[in-house]
Protein chains: 2
Amino acid sequence: MQTDLSDTIIALSTPPGIGAIGIIRLSGPKAIKLVDQVFFGRNLTKVEGNTVHYGKIKDENDRILDECMATVFRTPKSYTREDVVELSCHGSPYILNQVIQLLIRMGIRQAEPGEFTLRAFLNGQLDLSQAEAVADLIASDSSASHDLAMKQMRGGFSNEIQRLRQELIDFASLIELELDFAEEDVQFADRTKLKALVEKIQGVIRQLLSSFQLGNVLKQGVSTVIAGKPNAGKSTLLNAMLQEERAIVSDIAGTTRDTIEATLNIEGIQFRLIDTAGIRDARDKIEAFGVERTMEAIQASTIVLYVIDVIETSQQKLIEELKAFNIQNSKFIIVLNKMDLNPYTKPEDYYSEDWITSDNVITTSALNKMNIDYLKEQLFNLVISDKSLMDHTIVSNSRHYEALTRAAESLDAVDSGLKTGISSDFVAMDIRQALHYLGEITGEISTDDLLGNIFSKFCIGK
Amino acid sequence: MQTDLSDTIIALSTPPGIGAIGIIRLSGPKAIKLVDQVFFGRNLTKVEGNTVHYGKIKDENDRILDECMATVFRTPKSYTREDVVELSCHGSPYILNQVIQLLIRMGIRQAEPGEFTLRAFLNGQLDLSQAEAVADLIASDSSASHDLAMKQMRGGFSNEIQRLRQELIDFASLIELELDFAEEDVQFADRTKLKALVEKIQGVIRQLLSSFQLGNVLKQGVSTVIAGKPNAGKSTLLNAMLQEERAIVSDIAGTTRDTIEATLNIEGIQFRLIDTAGIRDARDKIEAFGVERTMEAIQASTIVLYVIDVIETSQQKLIEELKAFNIQNSKFIIVLNKMDLNPYTKPEDYYSEDWITSDNVITTSALNKMNIDYLKEQLFNLVISDKSLMDHTIVSNSRHYEALTRAAESLDAVDSGLKTGISSDFVAMDIRQALHYLGEITGEISTDDLLGNIFSKFCIGK
């Protein structure tokens with residue numbers, strides 16, 4: 001991880017491959033000067049920031065590599081807060097490579113993944129959690145994951161964390177001051193106020209921690225297994241939900257041997273639907289493999305849609321099946337399918353104590369697409385019990401989750417230290433720990449390892 | 001093909017996929033006004049051309065779709081000579097699609113492939129052959145194909161064609177004038193000067209037509225087959241030329257069963273090297289298939305490198321082999337391989353009449369990489385007998401080749417018409433034909449079909 005800001009970096013910022021336009025981005029103290037040496041059309045060292053200019057890029061032998069547009073950004077008004085040049089070239093990988101190689105020969109260094117955003121962070125343009133959100137934003141593929149990343153990039157909870165951390169720092173310095181006057185046994189820091197602050201921060205952290213599961217769901221999607229006996233109509237249900245012919249459907253039991261995955265977007269949340277081979281005693285080797293994969297898929301999933309054929313399956317048989325596959329330990333919805341064949345079936349007939357109730361039983365006819373929208377609604381509700389939750393601050397990054405967990409532990413120690421009245425230096429140490437973990441989220445505390453870890457996951461050119 | 005310029009078009013101009021940056025390009029009378037309605041940060045309708053501005057894109061529900069940079073170009077100072085906006089967004093396909101969909105909902109039309117360049121042509125920014133060169137430039141993958149496209153884009157031979165065509169138009173109008181005064185039997189057009197002009201144009205066209213083969217080679221690369229009996233060292237030679245282990249090499253005859261293709265760049269020209277299965281009587285089915293493919297590869301190739309093992313193969317045997325495979329009808333180089341095993345072999349021993357001479361026999365040791373650079377030089381010379389040719393005007397586009405051929409035919413008719421002294425209206429008709437074909441090259445004459453044909457091969461967004 002390069003935290004040296006004295007050199008100038010270059011990278012292709014658009015996806016690889018042939019396209020109409022390819023953008024080469026440079027950042028650093030020599031960006032404008034060095035590009036100007038190979039750019040003919042306008043003296044870039046004399047133009048204003050945020051302006052675009054047409055010119056030709058020529059190599060050392062006066063060969064024209066491309067005609068392109070150069071956009072000049074001047075420090076600090078740029079993404080990295082450094083001088084930045086973006087060259088908009090013809091989107092030929094050959095040409096883009098020639099231009100990059102020319103500039104590298106002139107002493108510009110190939111950027112590492114995420115190095116532009118790293119510089120934006122190091123130069124104070126973004127805090128660390130905002131920088132991380134940039135990568136999430138680029139990877140976002142649904143309205144929920146997009147909103148989440150956008151919120152985090154625009155400040156999100158890091159402002160709040162920063163504010164609370166600042167209050168805690170104030171107390172910490174008072175307590176550290178007490179240590180300097182240890183012999184005199186004075187208390188600069190008001191213990192009651194400190195206790196109140198610690199509790200307030202703990203409250204915020206608890207709320208953030210509890211949002212993590214939801215955050216993960218919004219970011220990664222919800223893995224949802226469609227399970228049930230052969231010929232219950234699982235593949236037909238998948239197709240009905242997707243409104244397309246995704247799975248091969250036939251009335252021969254065991255048609256679907258491998259797991260099939262498809263993505264369904266319900267109100268902005270991605271559900272990754274996994275259709276499975278029929279669960280039954282293996283008849284041949286391939287089938288056995290399929291059943292095993294179904295069992296694994298159920299274990300790994302967040303939600304199980306358990307489909308039965310109402311003609312074939314009684315309440316008692318259903319309960320046996322659910323128990324056999326340990327499904328009562330998952331979040332699940334029971335789909336009473338093939339209602340078209342027996343319109344008199346009532347969901348109530350399948351209720352059992354408090355774990356099979358109106359909350360998780362739905363009658364459908366996958367064939368006639370009956371109740372499919374209602375099923376989708378129930379799926380959404382199972383994940384987001386309260387829709388307004390999505391407007392709250394949500395943690396989706398496991399690094400943040402871990403730092404918050406550790407900060408909470410340190411604050412617990414502060415809390416119990418205050419209760420038992422242990423000596424100030426232990427309290428001070430625990431506060432410092434908590435400050436450290438909170439600071440890791442926003443990047444006020446960072447190490448090269450931490451930065452390397454975060455930015456190496458970025459794309460090149462960002 | 002849309003030749004209506006009154007609407008505003010939009011497309012993603014960077015390659016599809018995840019990247020740091022994605023560029024959305026808009027062109028047309030409403031480009032700036034409509035983007036301004038969803039762009040918050042700066043009033044784009046009031047900014048100067050060639051400037052870049054930071055802002056947020058919000059949809060109808062005030063949801064932030066992205067934070068991005070908008071570059072504004074004002075007519076006629078833009079690629080299309082229309083008002084153009086380029087939005088530099090985060091490179092998430094999801095976000096880019098959301099932004100494009102938003103603008104399409106506002107009444108902007110999705111651009112067809114090449115439609116921005118089509119507009120540049122229709123608005124007089126580029127002539128047709130220059131527009132075609134833009135696509136060639138994007139597809140260029142070697143220094144030769146790149147130079148060729150760059151030269152054509154920067155004017156190339158179309159300036160010359162345009163000038164000659166204008167001279168011919170002047171004559172044509174004089175002759176048409178004669179037709180109006182047909183009864184009076186006057187001659188406004190000097191037949192001697194016309195004849196001289198026709199001959200001059202024919203000379204230029206002949207030269208351009210003769211450059212086409214070279215043009216094609218520069219653009220497409222040279223297909224080069226490495227053939228020879230099993231165990232002559234073909235794969236070793238391929239590896240030596242590529243300086244890498246590309247083919248599986250063993251001393252068991254028949255190791256290479258399929259054809260192997262690799263690309264070798266010699267002084268900017270791409271040679272597509274095709275290693276082949278050994279040519280011999282098929283022993284089993286797979287081998288038979290391999291031999292058949294070798295024969296096909298030889299037929300389809302531009303150059304054959306015929307490799308022999310000097311220990312195993314006498315001059316007489318070599319000639320038999322060459323004749324058996326009809327190689328004397330191709331451009332070929334005979335590689336006397338395994339010189340390391342018999343350093344006393346002389347190329348002269350293999351000369352035969354005037355078709356196996358010092359021009360096309362080379363001794364090598366592929367194993368010891370002996371004479372490999374010399375072999376590459378000979379390969380280059382076989383394609384480009386005169387290196388300075390590459391600096392001349394070269395035709396590489398088969399559409400241009402066809403138009404030039406037809407123009408030449410029409411001019412031949414004019415020429416013989418002048419000789420036999422046929423009536424002016426026939427001469428006028430032939431001149432109009434020639435003008436038509438010459439005009440097709442630069443686009444002064446174009447039809448919707450022709451434009452559709454050319455621009456549909458472009459990428460979207462260019």
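Every value quoted in this text rests on a predicted model; they were computed, and no experiment measured them. Here is how names work: the chains are called A, B, and so on, in the same order as the sequence lines, proteins then strands, and each is numbered from 1.
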Once you round to the nearest 0.5 Å, how far does [atom1] of [X] lie from [atom2] of [Y]?
X        : Y       : atom1 : atom2 : result
B:Tyr79  : A:Ser88 : OH    : OG    : 11.0 Å
B:Lys77  : A:Tyr54 : NZ    : OH    : 12.0 Å
A:Ile138 : B:Ile21 : CD1   : CD1   : 8.5 Å

With only heavy atoms counted, which part of [X] is less than 4.5 Å from chain A, the side chain, the backbone, both or neither?
X        : answer
B:Ile460 : backbone
B:Ile23  : side chain
B:Ser143 : both

Discussion item. Main chain of A:Leu65, side chain of B:His146: is a donor-acceptor contact present, judged purely on distance under 3.5 Å?
Written reply: yes

Fill in: Under 3.5 Å donor-acceptor, B:Asn50 side chain and A:Thr51 backbone
no

Tell me which of these, [options], has more heavy-atom pairs under 4.5 Å with chain B than the rest.
options                               : value
A:Glu67, A:Met69, A:Glu48             : A:Glu67
A:Cys459, A:Gly114, A:Ser13, A:Gly461 : A:Ser13
A:Ile64, A:Thr117, A:Leu12            : A:Ile64
A:Gln98, A:His53, A:Met153, A:Glu86   : A:Met153
A:Pro93, A:Ala139, A:Ser142, A:Gly49  : A:Ser142
A:Pro16, A:Ala149, A:Pro15            : A:Pro15

Worksheet item: Do other residues, nucleotides or ligands put more than 12 heavy atoms under 6.0 Å from the CZ atom of A:Arg42?
Response: no

Discussion item. With a 6.0 Å cut-off (strictly less than), is the heavy-atom count around CD of B:Glu60, excluding the residue itself, greater than 12?
Written reply: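 Result for CD/B:Glu60: enclosed.
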
Worksheet entry | Any side-chain heavy-atom pair of A:Met150 and B:His90 under 4.5 Å |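 Of all side-chain heavy-atom pairs linking B:His90 with A:Met150, none is under 4.5 Å.
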
Worksheet item: What part of A:Phe458 is in contact with chain B, defined as an atom under 4.5 angstrom from a non-hydrogen atom: side chain, backbone, both or neither?
Response: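 No part of A:Phe458 comes within 4.5 Å of chain B.
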
Discussion item. Less than 4.5 Å to any heavy atom of chain B: does that hold for the side chain of A:Asp66, its backbone, both, or neither?
Written reply: both

Item to complete: Evaluate the criterion side chain to side chain contact (heavy atoms under 4.5 Å, CB included) for residue pair B:Ile95 and A:Ser140; output intermediate values, then yes/no.
Response: CA-CA 8 Å; B:Ile95 291 175; A:Ser140 69; 4.1 Å; yes

